[in-house]
There are 2 protein chains.
Amino acid sequence: MTTIRDVAKRAGVSVTTASYALNDTGSIGEATRKRVLEAAEELNFHPNAFARNLKRRKTQTIGVFISRFSGSFYEEILEGIHSVILETDYELLVCPESRSTRRILLHRQVDGAIVFDRKITNEQVLKLASRRFPIVVLDRDLQNDFILPLLLDNAQGVREAFRHLYDQGLRRMAFVAGALDALDNAERMETFLAEAKRKRLQVPVYQGNFTEVSGYDAARLIFQSAQLPQAVFCANDQMAFGFLRAMTERGLRAPAAIAIVGFDDIPLARHMQPSLSTIGASRFEWGATAVRQLIDLLDNETPFQPLRLSTRFLARQSSTLNAEPQTALGGTHDPALSS
Amino acid sequence: MTTIRDVAKRAGVSVTTASYALNDTGSIGEATRKRVLEAAEELNFHPNAFARNLKRRKTQTIGVFISRFSGSFYEEILEGIHSVILETDYELLVCPESRSTRRILLHRQVDGAIVFDRKITNEQVLKLASRRFPIVVLDRDLQNDFILPLLLDNAQGVREAFRHLYDQGLRRMAFVAGALDALDNAERMETFLAEAKRKRLQVPVYQGNFTEVSGYDAARLIFQSAQLPQAVFCANDQMAFGFLRAMTERGLRAPAAIAIVGFDDIPLARHMQPSLSTIGASRFEWGATAVRQLIDLLDNETPFQPLRLSTRFLARQSSTLNAEPQTALGGTHDPALSS
DNA sequence: GGGATGAAGTGAACCGTTTCACTTCATCGT
DNA sequence: ACGATGAAGTGAAACGGTTCACTTCATCCC
């Protein structure tokens, strides 16, 4: 392993000079700098990151804390983050939930963090965040000069969705809620209920927890009611998926029997049968924005710019009553309807 | 930031003793050890990883080198790796392709590597791998005492698939190939052609590159032939997806017009319309096996155990001729057929 | 001519651990 | 009673960089 000492020797200068030359700091003559760089090149020198970080107390690394890899949810966000990182001189440390999460955070093994892991508490975030350690949170509403929450504009998409349902003449609606402690769920629900209220509609709420199975269960519950709703809004796509599965099992077709709308636009949504109407935001953009703001604060002291990521309603088959069938599949002559 | 010096002072011992006590090395009295651990606890001490790694020349970290995050392909592998890592005292560094890939590898910023990134050349892998730096490769056939290729048993699944097609009486078959330099593609193709040859079938090959669009293009090319094949085997699901899209556009239904089989069992496969017959392996298991072997070699000198991950054919709608429609969707009265 | 100036370069301390080589001291066997 | 032994503990040198404080020396200005 070649060290900076080897480089210095080869270039015939002191270690200090070599370091200055390599980092373009200090004041070093052009000829000398060149000699050092050449020596480094010839010896294939790469500075030892541990030594460097130890001394500098800066790692030039952004940490992303997620709870797990699966769920294509993260995938796109990570992709967005990565794409921005590639254009900077920062590196990326993706840290799934683990024993060492705390240590990495505590020891500033990263210069800034993007948190998307509910296992990390609000208190921890609050305690850690500072000018020298800014944090972007993607999953909670926590804010100060050094904590930037990047939230979805839930209301916008939900309003569009409600209008879409309402304009088709649907009046009996139900809401399948996600985890109670989730801000996103709260906002989606509030908006939906508020819109309904303005139209003088009563909307029963069925409690789920964002999992497919909870959507399935909610559906089973709803099937027991005297009169089926005409439209059901699920607080996320996974639950909508479960709901649709329950409907299929019972021989009910969306949107004919019940119009279904989800939230998130997971990749599967467009491929379901029927394709799922949902509300989407660009997760890629989400990740990219997060890391851009972080690095801007770190490098240029640009203050955080709170913003909501815009969402938009995507009308697909599951909630669109009299559209042409987009593929030749399904339709009203569906044998399942008579089962 | 509290250091080991603070801990030593508080426990009334030397730094050396503190270090030994914390690491359970050296010989330290029980009472002393306890005092040190208590002091560490009280001060909320976490050793600085940079200093430790610098000195130890060991990082207790496994690096996973992937080219990008998207493509649900990685997702499950990472999940498998992560699940094993959680049970060990190793950490995980996921490194998407970037400027620093080389440095991380060169400087042993990780103790072992799982390589799934074609940007890293065979030469690099060969040069790096050693007893103290074992490497598992997931995407190439490269092997020595310290390089373990974890490959799919391509032949097994492909044979099953061929038999499935053949047993349904299909004889005119075609093969859509993936990237030429990919071992997986080569094996899938060889096996398929070999099976065909045993049955005295001629199978034309259409060159693709594993992308959806190349599958689409291959389909367009095939549509120009005098007589359509009855079955098409695509070397991966993405191409199969493209192929199906082209068929839909042309008003052709699988399997009625052409039976389609893919390879990989991407999550979407089961959700396509028609659902895609394909060949799958547990990617979760793939990742888990990789990291298990790596850590076993690192910690216990257990030699690498070359093995092939078993694959199995999954018969779904796209290639199953006279099955009951699994859902009520589609079927032979499909208006698209007449367009 | 001589002090001020600033560019170019250097020595050594330091970052926070680990670990080698060493000391001390109680215990044991003979 | 005494050397051998080994457990318990310590001082200081690494690890490989960065950077503060300093020297040297040519140039400039009055």
Side-chain angles (χ1 to χ4, degrees), chain A residues 1-37 39-40 43-61 89 91 100 103-104 106-111 132, chain B residues 1-37 39-40 43-61 89 91 100 103-104 106-111 132:
Chain A
M1 216 86 317
T2 119
T3 76
I4 200 173
R5 255 159 268 270
D6 304 325
V7 174
K9 193 174 296 174
R10 177 154 192 140
V13 297
S14 71
V15 170
T16 307
T17 305
S19 175
Y20 283 146
L22 289 167
N23 293 299
D24 226 338
T25 51
S27 84
I28 301 294
E30 201 38 57
T32 313
R33 176 192 315 292
K34 212 167 161 191
R35 245 183 317 132
V36 171
L37 294 183
L43 296 175
N44 192 19
F45 168 77
H46 294 264
N48 178 308
F50 299 127
R52 165 179 286 191
N53 293 340
L54 176 58
K55 181 65 186 170
R56 277 203 186 155
R57 298 150 158 279
K58 184 150 195 312
T59 62
Q60 207 65 218
T61 300
D89 55 347
E91 294 181 29
S100 54
R103 184 157 54 64
I104 292 176
L106 280 168
H107 260 288
R108 308 277 192 277
Q109 272 182 38
V110 292
D111 292 347
R132 307 211 45 76
Chain B
M1 217 85 318
T2 118
T3 77
I4 200 174
R5 249 162 274 269
D6 305 323
V7 174
K9 192 173 296 172
R10 176 154 194 140
V13 297
S14 72
V15 170
T16 306
T17 304
S19 175
Y20 282 146
L22 289 167
N23 292 300
D24 226 340
T25 52
S27 82
I28 301 293
E30 201 38 58
T32 314
R33 176 194 311 293
K34 213 168 163 193
R35 243 181 321 130
V36 171
L37 294 182
L43 296 175
N44 192 18
F45 168 76
H46 293 264
N48 179 308
F50 299 127
R52 165 178 285 190
N53 295 339
L54 175 58
K55 183 63 188 169
R56 278 204 186 154
R57 297 151 159 279
K58 184 150 194 318
T59 61
Q60 208 65 220
T61 300
D89 55 346
E91 295 181 28
S100 54
R103 184 159 53 65
I104 291 175
L106 281 168
H107 261 287
R108 307 278 190 276
Q109 273 181 35
V110 291
D111 292 347
R132 306 212 45 78

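So that the names make sense, note that chain A is the first sequence line, chain B the second, and so on, each numbered from 1.
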Rounded distance (Å) that lies between atom P of C/dC15 and atom CG of B/Asp6:
12 Å

Can you find a side chain N or O atom of A/Ser19 that sits less than 4.0 Å from OP1 or OP2 on D/dG17?
no

Going by salt bridge (charged side-chain N to carboxylate O under 4.0 Å, His left out), B/Asp111 matches just one of B/Arg57, B/Arg56, B/Lys58. Which one?
B/Lys58

How would you list, by chain and number, every residue that makes a salt bridge (Lys or Arg N to Asp or Glu O under 4.0 Å) with A/Arg33, sequence neighbours excluded?
A/Asp24, A/Glu30

How many whole angstroms separate atom CG of A/Leu22 from atom P of D/dG16?
16 Å

Can you tell me the distance, in whole Å, between the NZ atom of B/Lys55 and the P atom of D/dG17?
15 Å

Between A/Arg56 (CZ) and D/dC20 (P), how many Å, whole number?
12 Å

Round to the nearest Å and state the distance from B/Lys9 atom NZ to C/dG16 atom P.
13 Å

Would you say C/dC15 has OP1 or OP2 under 4.0 Å from some side-chain N or O of A/Arg57?
no

Check whether any side-chain heavy atom of B/Leu22 lies under 4.5 Å from a side-chain heavy atom of B/Pro47, and answer yes or no.
no

Rounded to whole Å, the CD-P distance (B/Gln109 to D/dC15) equals 18 Å

Interatomic distance, B/Lys58 NZ vs C/dT19 P [rounded to whole Å]
11 Å

Looking only at side-chain N and O atoms, does A/Asn53 come under 4.0 Å of OP1 or OP2 in D/dG17?
no

Whole-Å distance, A/Leu54 CG to D/dA14 C1', equals 13 Å

Does B/Asn48 make a side-chain N or O approach to OP1 or OP2 of C/dC15 shorter than 4.0 Å?
no

For the backbone of A/Thr3 and the side chain of A/Asp6, can you confirm whether one donor and one acceptor N or O come within less than 3.5 Å of each other?
yes

Under 3.5 Å, is there any donor-acceptor pair linking the side chain of A/Arg5 to the base of D/dG17?
yes

Might you point out which heavy atoms bring B/Val13 and B/Ala18 nearest each other, and give the distance in Å?
CG2-N, 4.1 Å

Donor-acceptor pair, A/Arg10 side chain versus A/Ala39 backbone, under 3.5 Å?
no

Using a 4.0 Å heavy-atom cut-off, write out nucleotides 4-12 of chain C from 5' to 3' as B (base contacted by protein), S (sugar-phosphate only) or - (no contact).
---SBBBBB

Quick check against the 3.5 Å criterion: does B/Thr61 have a side-chain atom that pairs as donor or acceptor with the backbone of B/Thr59?
yes

